[in-house]
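Throughout, protein chains are lettered first and strands after them, A, B, ... in sequence-line order, and every chain is numbered starting at 1.
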Amino acid sequence: MNDMNDTVMASNFIHNIIEEDNEKGAYGGKVYTRFPPEPNGYLHIGHAKAICVDFMTAEKYGGKCNLRFDDTNPVKEDTEYVDSIMEDVKWLGFSWEGEERYASDYFEKMYDYAVFLIKKGKAYVCDLSPEEWKEYKGTLTEPGRKSPYASRSVRENLDLFARMRAGEFSDGERVLRANIDMQSPNMNMRDPVIYRIYHATHHRTGDKWCIYPMYDFAHPLEDAIEGITHSLCTLEFEDHRPLYDWVLRECEIEQPPKQIEFARLELTNNVTSKRKLKLLVDEHIVDGWDDPRMPTVSGLRARGYTPEAIRSFIEKVGVSKSKSEVDYAFLEYCVREDLKLKYPRVMAAIEPIKVIITNYPEDKCEYLEIENNKENEALGTRKVPFTRELYIDRTDFMEEPPKKYFRMFKGNNVRLMGAYIVHCDDFKKNENGEIEEVYCTYIEKTKSGEENADMKVKGVIQWVSAKHGIPVKCNLYDHLFLEKDAANDENSYEKDGMLLNRCSLETVSGFVEPYCEESEFDKFQFVRIGYFCKNTKENNTFNRVVSLKSSFKI
RNA sequence: UGGGAUGUCGCCAAGUUGGUUAAGGCACAGGACUUUGACUCCUGCAUUCGUGGGUUCAAAUCCCGCCAUCCCAGCCA
């Protein structure tokens, strides 16, 4: 259709379904979706997929998307989460249709529908306790038996249900069940509970209600009330679809929405379990839900990831029904891709080692003009102070270089990015045998534009003036590596059934270039460092994106 | 023989009204370029579509059997 110019054809089976619907004229060609979180926690990268799928599907077909808080369980939910969810959705760049919605706003209507079902003989009040119900409900392989209360008269059911609402019964004493089929091989269809009693204060309706609808009853009605056409959800609700359709049919909804399930997003070495993320916060392993190492939307934001990068990631991953786990490297690729031309780049020495240019005057300071982003001239230049004492990244110097190492080592020449070519003469170690200082001499007239500038050197490294550099603390990794990856790491340890990689929790102190007054440093968000990776294959290099925001946070 | 779903390169994932050599991206490898070993640019990377049969001139696509994995027995969502 409109993707002649799209370089990437994102795979998405939902599009096919919608296009089919549109051809048949279903829903009058309209597409109306919704993102329906339960306000009981912070959003993570997995939710980001749901958000993108819901909003982008609507966007693609010129439709609308609601934000709806599915607040049908007062004991689990809190307004605390509502704000953070709205903030995260907005940050991802989406606008929902009108005001945010709340399932609790439809409680009265839902109640009416329940009464309607009772009148049709499609729902009954059941007095069985949860324990007793277990015996009636059967198992996965054995059919269930009808509740002895299923035969109550409509009149009695109406009366009892009204009294449930009136608060005459205590929690758990009675429920309203859908009257469907105890023989069904689908457990969801064996007379599921559609209303239960909770004498609890709801975060929005307060004490107005003491009966609350169950998800399976409430959700299809919420969708119907809002005029949703395509109700997108994750795979585990596949078994619920017959019930979803049953509710809509029995409630005689005219243009019933269609539930479509897709696989949730899993990332390698990341957890998206609320329980585990909460553990990290509670145990102070991280500083909070928005710690830059967390896979939460707010964590990603703090880490310096852009909404554009996350959206493009979700699009590229595609939407299908096969359970999958996407390589974290793919997310990183999308972030680099988005950041590449967008932001100025500054130099840094994350694990610093001091370099002294012995033939450079002690009191001299040159301000060298360096491009902010070689690939995007529009980002201009900045002036970076160059002095006799510098810091370079520890990985850019080696006492005993392996074969193809062509950065700094004794006897070698390297280019200090944007500055001189220097010759490494010697180095000094401290009592622990660690490299303490490296001594170099700069080669004259090798600055950009000077006559010896084209002198060939194989290595180019980053540097920061020791006098001017700004100290930062930085995570060794930009996110937590958990579980599988940690299992391969000798430094990993277990915490409440969760494997953590110690390295991922450690921070190092380093330096970044000073902000230059004229250059509005707040726009310099990212430091890019190419260096020898200590933790993967030897001689392997990679480019790391570090957010200064996250660097300062720790 | 509970029910539902999924299985295409290390990771995602097109392709499923059967029709030449099975898209694309990530990762990886090799080369060119390079004042970031990045970026960019070339090149390579599944005779094979979970598996065994069958139908057919022709199957990843149709049929049958089998296997593997995931989900379902909350008065959670």
Determine whether A/Tyr212 and A/Phe107 satisfy the following criterion, ring-ring contact (aromatic ring centres under 6.0 Å, His included), listing intermediate values before the conclusion.
CA-CA 8 Å; A/Tyr212 293 90; A/Phe107 280 170; 5.7 Å; yes

Take A/Tyr124 and A/Leu176 through the side-chain contact (heavy atoms from CB on, under 4.5 Å) test and state the conclusion after the steps.
CA-CA 6 Å; A/Tyr124 62 91; A/Leu176 184 70; 5.6 Å; no

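Distances from the side chain of A/Arg415 to the nucleotides B/U36, B/U35, B/A27 place B/U35 closest. Relative to the side chain of A/Lys321, the nucleotides B/A5, B/C76, B/C12 differ in distance, and B/A5 lies closest. Of the candidate nucleotides B/A38, B/A77, B/U36, B/U36 has the atom nearest to the side chain of A/Met417. Side-chain atoms of A/Glu236 lie closest to B/C71 of the nucleotides B/U35, B/C71, B/C12. Taking every side-chain heavy atom of A/Ser324 into account, B/A13 is the closest of B/C76, B/A13, B/G37. The side chain of A/Phe330 lies closest to B/C26 when the candidates are B/G37, B/C26, B/A73. Looking at the side chain of A/Met214, the nearest of the listed nucleotides B/G74, B/A38, B/C26 is B/G74. In this structure, the nucleotide among B/A73, B/U36, B/A5 sitting nearest to the side chain of A/Lys137 is B/A73. For A/Lys323, taking side-chain heavy atoms from C-beta onward, the closest of the listed nucleotides B/A77, B/A73, B/C70 is B/C70. Of the candidates B/A77, B/C12, B/A73, the closest approach to any side-chain atom of A/Met187 belongs to B/A73.
In this model, the phosphate group of B/A13 is approached by a side-chain N or O of A/Ser322 to a distance below 4.0 Å at OP1 or OP2. Between A/Arg264 and the phosphate of B/A77, there is no side-chain N or O to OP1/OP2 separation shorter than 4.0 Å. Within the structure, every side-chain polar atom (N or O) of A/Thr141 is placed at least 4.0 Å from both OP1 and OP2 of B/G2. Checking the phosphate oxygens (OP1, OP2) of B/C76, no side-chain nitrogen or oxygen of A/Tyr215 falls inside 4.0 Å. A sub-4.0 Å separation between OP1 or OP2 of B/C76 and a side-chain N or O of A/Tyr198 is present. Close to B/C75, at under 4.0 Å from its OP1 or OP2, lies no side-chain N or O of A/Lys134. Residue A/Arg196 places at least one side-chain N or O under 4.0 Å from the OP1 or OP2 atom of B/A77. At B/U35, none of the side-chain N or O atoms of A/Ser448 fall inside 4.0 Å of OP1 or OP2 (strictly under the cut-off).
Centre separation under 5.5 Å together with a plane angle under 30° holds for the ring of A/Phe406 and the six-membered base ring of B/G37, marking them as stacked.
Nearer the 5' end of RNA chain B, as judged by each residue's closest nucleotide, is the contact made by A/Ala263, out of A/Ala263 and A/Ala453. Comparing A/Glu337 and A/Gly172 against RNA chain B, the residue whose closest nucleotide sits nearer the 5' end is A/Glu337.
For B/G74, the base adopts the syn conformation, since its glycosidic angle falls within 90 degrees of zero.
Summarising the local packing, CZ of A/Arg264 is surrounded by 12 or fewer heavy atoms from other residues, nucleotides or ligands at distances under 6.0 Å.
Rounded to whole Å, the distance from CG on A/Leu140 to P on B/C72 is 10 Å. With rounding to whole Å, A/Arg174 atom CZ is found 17 Å from B/C75 atom P. In this structure, A/Lys458 atom NZ and B/G37 atom P are separated by 11 Å, rounded to whole Å. The distance between atom CG of A/Asn188 and atom P of B/C75, rounded to the nearest whole Å, is 10 Å.
Residue A/Leu128 is in base contact, counting any heavy-atom pair closer than 4.0 Å across all strands shown. Counting non-hydrogen atoms under 4.0 angstrom, A/Phe237 reaches a base of the nucleic acid. The residue A/Ser184 sits apart from the nucleic acid: no heavy atom pair falls under 4.0 Å.
The pair A/Arg34-A/Glu222 fails the salt-bridge criterion, with no side-chain N (NZ, NE, NH1 or NH2) lying under 4.0 Å from an Asp/Glu carboxylate O. A salt bridge does not link A/Asp71 to A/Lys76: none of the charged side-chain nitrogens sits closer than 4.0 Å to a carboxylate oxygen.
A/Lys122 meets the side chain to side chain donor-acceptor pair (under 3.5 Å) test with no other residue; sequence neighbours excluded.
Using a 30° and 60° split on the angle between ring planes, A/Tyr102 and A/Phe69 fall in the parallel class, below 30°. Using a 30° and 60° split on the angle between ring planes, A/Phe409 and A/Tyr405 fall in the tilted class, from 30° to 60°.
B/G30 and B/C66 have their P atoms separated by 47 Å, given to the nearest Å. Distance noted for atom C1' between B/U48 and B/U20: 16 Å (whole Å).
The base of B/G3 sits with one of its N or O atoms less than 3.5 Å from a complementary donor or acceptor on the side chain of A/Asp239. For B/G37, the base has a donor-acceptor partner in the side chain of A/Arg407 [N/O atoms by modelled type, under 3.5 angstrom].
Looking at A/Glu142, its side chain never comes within 3.5 Å of a backbone N or O of A/Thr139 through a donor-acceptor pair.
In RNA chain B, stems built from 3 or more consecutive Watson-Crick or G-U wobble pairs, each with both distances under 3.5 Å, span B:2-7 with B:67-72, B:10-12 with B:24-26, B:28-32 with B:40-44, B:50-54 with B:62-66.
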